[in-house]
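As structure tokens, the structure follows; a few thoughts come after it.
Remember, it's a predicted structure, so these values are computed and weren't measured experimentally.
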Amino acid sequence: MKKIIAVLSVFMLTTFAIFAQSSDMTQLAVVKLNKNEFITLKQLKTRCTAYEKSLGRALTVEERKQVLDTVIEEKLIVQAATKAGINIPDSYVDEYFVQGMSSQLGVSVTEKELEDLIKKSQNKTLDELLIEQTGMNRTEYKAHLKTQLMMQQYVVQENQTAIQSVSATDEEIRMAYESNKSSFVWNDMMKVFMVIVPKGNKPDDAKLKLVDLLNKYNDKKLSAEQIAAQSQTADAGYQAGQMLLPKTEAAANGIGMTLQNLIYLFAQKEGYTSDAEETDVDYRFISVLKKYDAKMLAIGDIVQPETTVTVYEYIRSNLTQQKQQIYVNQLAANLSKTLHTAENVEMKKTGAALDKLLEWGN
């Protein structure tokens, strides 16, 4: 008897799982401006999860209907963009994704370096982190980014002149500076020159190459600029370049260094050059070229050492971008409402049937 019950339990669980999967594939609507594109319950759940993680609560049925409208209208604009010949290459989406993640970390990384950094610092995969933060895995998140980029490019292309006429005023710029004055500061920073020779399959050869470059640099037989230029040749076998580093843990992680070692480097005088150092994957040396102390910035000061952009210009650029983005969003909303017609969208579920499907988790 127990065996029969156990078999029935397994059967019921399997049946429930199949039913749940089948339910998730229920079609809620079809967008057909340029082609037939179905929106499933699973797609809606994914998007709602992203909003719910951001809000820290479950959405109501009415809010989920609004999200469904948003997904429909996004697909309408993307189809209109495709019809107009707009296409965003996956390589551009990949680059945009990495730039966004690099901006959050405060250091420039490749996608592989990003994966390694997250695994090392949080003991999670990149997919796990994205699902935790957005409810979407990497593939889904990149697809979402591509949608946003296509929508924006289409709206901008169709309204370029009007968008370019939107800009920040002098009064808005000065008001923004006064209300955020405490945030306009330099952290302690230093300009460094760094040379890295990957170990590869020949660690002894890598060490010899690094030591040779270090000796030539110390003896002034090769300058930082010359070593960096030679690193660009196909058979160089090393990387070299100058960079500006803030005194932060993110910056230290970005160059494979501990914060303690970075602070030690900040304590050295300009002109200091390290000995040849070994990590798990390479040999390297680093030289301190110039140091910058932390300070409050006036509106006419440059935003960052080694640049010419002032705080005023920085604020003007950012405010203008914000105002233009708001305007683009308004244009997109107006366009989507225009496209959202019975001819372009067929609702597969409406009324009580739709409400029932949107009650998941409640």
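For the residue pair E225/Q242, the side-chain donor-acceptor check at 3.5 Å is satisfied. With hydrogens and angles left out, the side-chain atoms of Y141 and Q133 include no donor and acceptor closer than 3.5 Å. Side chains of Q122 and E128: no donor on one and acceptor on the other come within 3.5 Å. Using a 3.5 Å distance cut-off with no hydrogens or angles, the side chains of S91 and D94 do not pair a donor with an acceptor. A side-chain donor from one of Q152 and Q325 sits under 3.5 Å from a side-chain acceptor of the other. D282 and T279 form a side-chain donor-acceptor contact under 3.5 Å, judged by distance and modelled atom types alone.
Residues L214 and I196 do not share a hydrophobic cluster, defined by chaining ILVMFWY side chains whose heavy atoms lie under 4.5 Å apart. Taken together through direct or relayed side-chain contacts under 4.5 Å among Ile, Leu, Val, Met, Phe, Trp and Tyr, M243 and Y272 form part of one hydrophobic cluster. Residues Y264 and I286 share a single hydrophobic cluster, defined by chaining ILVMFWY side chains whose heavy atoms lie under 4.5 Å apart. Each of M189 and L289 belongs to its own hydrophobic cluster when Ile, Leu, Val, Met, Phe, Trp and Tyr are linked at side-chain heavy-atom distances under 4.5 angstrom. Residues F38 and V78 fall into different hydrophobic clusters, defined by Ile, Leu, Val, Met, Phe, Trp and Tyr side chains chained together at heavy-atom separations under 4.5 Å.
More than 12 heavy-atom neighbours from other residues, nucleotides or ligands sit within 6.0 angstrom of CD on Q43. Annotation: K119, atom NZ; neighbour count of heavy atoms from other residues, nucleotides and ligands within 6.0 Å is above 12. Taking a 6.0 Å sphere around CD of E359, one finds it holds more than 12 heavy atoms contributed by other residues, nucleotides or ligands. Annotation for K142: atom NZ counts as buried by contact number, over 12 foreign heavy atoms lying within 6.0 Å. Within 6.0 Å of the NZ atom in K207, the count of heavy atoms belonging to other residues, nucleotides or ligands does not exceed 12. Surrounding CE of M296 are more than 12 heavy atoms belonging to other residues, nucleotides or ligands, all under 6.0 Å away. Within 6.0 Å of CG on N201 lie no more than 12 heavy atoms contributed by other residues, nucleotides or ligands. Dense packing is recorded around CZ of F285, with more than 12 heavy atoms of other residues, nucleotides or ligands lying under 6.0 Å away.
Each of N334, V31, I72, L76 was scored for a side chain to side chain contact (heavy atoms under 4.5 Å, CB included) with L339, with one residue passing: L76. Checking I315, V311, T310 one by one against V303, the side chain to side chain contact (heavy atoms under 4.5 Å, CB included) holds for a single residue, V311.
L244 has its side chain within reach of P305: a pair of non-hydrogen atoms, C-beta onward, lies under 4.5 Å apart. Residues L297 and V185 fail the side-chain proximity criterion, which asks for heavy atoms closer than 4.5 Å. Counting heavy atoms from C-beta on, the side chains of Y96 and I88 never come closer than 4.5 Å. In this structure, V309 and I302 have side chains that are not in contact, with every pair of non-hydrogen atoms separated by 4.5 Å or more. At a threshold of 4.5 Å between non-hydrogen side-chain atoms, the residues L265 and M190 count as touching. Put simply, the side chain of L28 does not reach to within 4.5 Å of the side chain of T40, judged on heavy atoms. The shortest side-chain heavy-atom distance between K146 and D90 falls under the 4.5 Å cut-off.
Here OG1 of T248 is found 8.5 Å from CG of N253. Values are rounded to the nearest 0.5 Å. A distance of 9.5 Å separates CD in E313 from OG1 in T307, rounded to the nearest 0.5 Å. Atom CD of E172 and atom CG of L319 lie 6.5 Å apart (nearest 0.5 Å). Here the straight-line distance linking atom CG of N318 with atom NZ of K323 works out to 13.5 Å at 0.5 Å rounding. The distance from the CD atom of E140 to the OG1 atom of T134 is 8.0 Å, given to the nearest 0.5 Å. A distance of 13.5 Å separates CG of N187 from NZ of K295, quoted to the nearest 0.5 Å.
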Checking side chain to side chain donor-acceptor pair (under 3.5 Å) for the pair Q148/E74: CA distance, chi angles, key distance, verdict?
-> CA-CA 8 Å; Q148 302 305 310; E74 285 178 356; 3.2 Å; yes

Can you list the steps and then say if M347 with V345 is a side chain to side chain contact (heavy atoms under 4.5 Å, CB included)?
-> CA-CA 6 Å; M347 296 302 299; V345 180; 4.1 Å; yes

Can you check side chain to side chain contact (heavy atoms under 4.5 Å, CB included) on T26 and L357, steps first, answer last?
-> CA-CA 9 Å; T26 300; L357 286 169; 3.9 Å; yes

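R284 contributes no side-chain N or O that, together with a main-chain N or O of L210, makes up a donor-acceptor pair within less than 3.5 Å. In terms of modelled atom types and a separation under 3.5 Å, the side chain of N159 and the main chain of V155 share a donor-acceptor contact. Between the side chain of E249 and the backbone N or O of L259 there is no donor-acceptor pair closer than 3.5 Å. S102 places a side-chain N or O within donor-acceptor distance of the main-chain N or O of V109, the cut-off being under 3.5 Å. Without hydrogens or angle criteria, Q79 side chain to K35 main chain gives a donor-acceptor distance under 3.5 Å. Judged by distance alone, with hydrogens and angles left aside, the side-chain atoms of Y283 form no donor-acceptor pair with the main-chain N or O of V211 at under 3.5 Å. Judged by distance alone, the side chain of N344 and the main-chain N or O of H340 form no donor-acceptor pair under 3.5 Å. Distance alone, capped at 3.5 Å, places no donor-acceptor pair between the E346 side chain and the A342 backbone. In this structure a side-chain-to-backbone donor-acceptor pair under 3.5 Å is missing from S54 to A50. T320 places a side-chain N or O within donor-acceptor distance of the main-chain N or O of A168, the cut-off being under 3.5 Å.
Of the charged side-chain nitrogens involved, none lies within less than 4.0 Å of a carboxylate oxygen, so that K32 and E343 do not count as a salt-bridged pair. Ion pairing between R47 and E52 fails under the 4.0 Å rule for side-chain N and carboxylate O. With respect to D24 and K42, no salt bridge is recorded, no charged nitrogen being found less than 4.0 Å from a carboxylate O. Salt-bridge check for D212 with K216: passed, with a basic side-chain N closer than 4.0 Å to an acidic carboxylate O. Taking a cutoff of 4.0 Å between a charged side-chain nitrogen and a carboxylate oxygen, K124 and E115 do not qualify as a salt bridge. Salt bridge status for K65 with D355: present, with a side-chain N to carboxylate O gap under 4.0 Å.
For an aromatic pair to be called close, the ring centres must be under 6.0 Å apart, and Y312 with Y177 fails this.
In this structure, K291 is not positioned above the aromatic face of F266 in the sense of NZ or CZ being under 6.0 Å from the six-membered ring centre and within 45° of the axis. In this structure, K181 fails the cation-pi test against F184, since its NZ or CZ atom is not both closer than 6.0 Å to the six-membered ring centre and inside 45 degrees of the ring normal.
For residues 49-71, no pair satisfies ring pair (Phe, Tyr, Trp, His ring centres under 6.0 Å), with sequence neighbours left out.
With sequence neighbours left out, the ring-ring contact (aromatic ring centres under 6.0 Å, His included) criterion links F193 to Y217.
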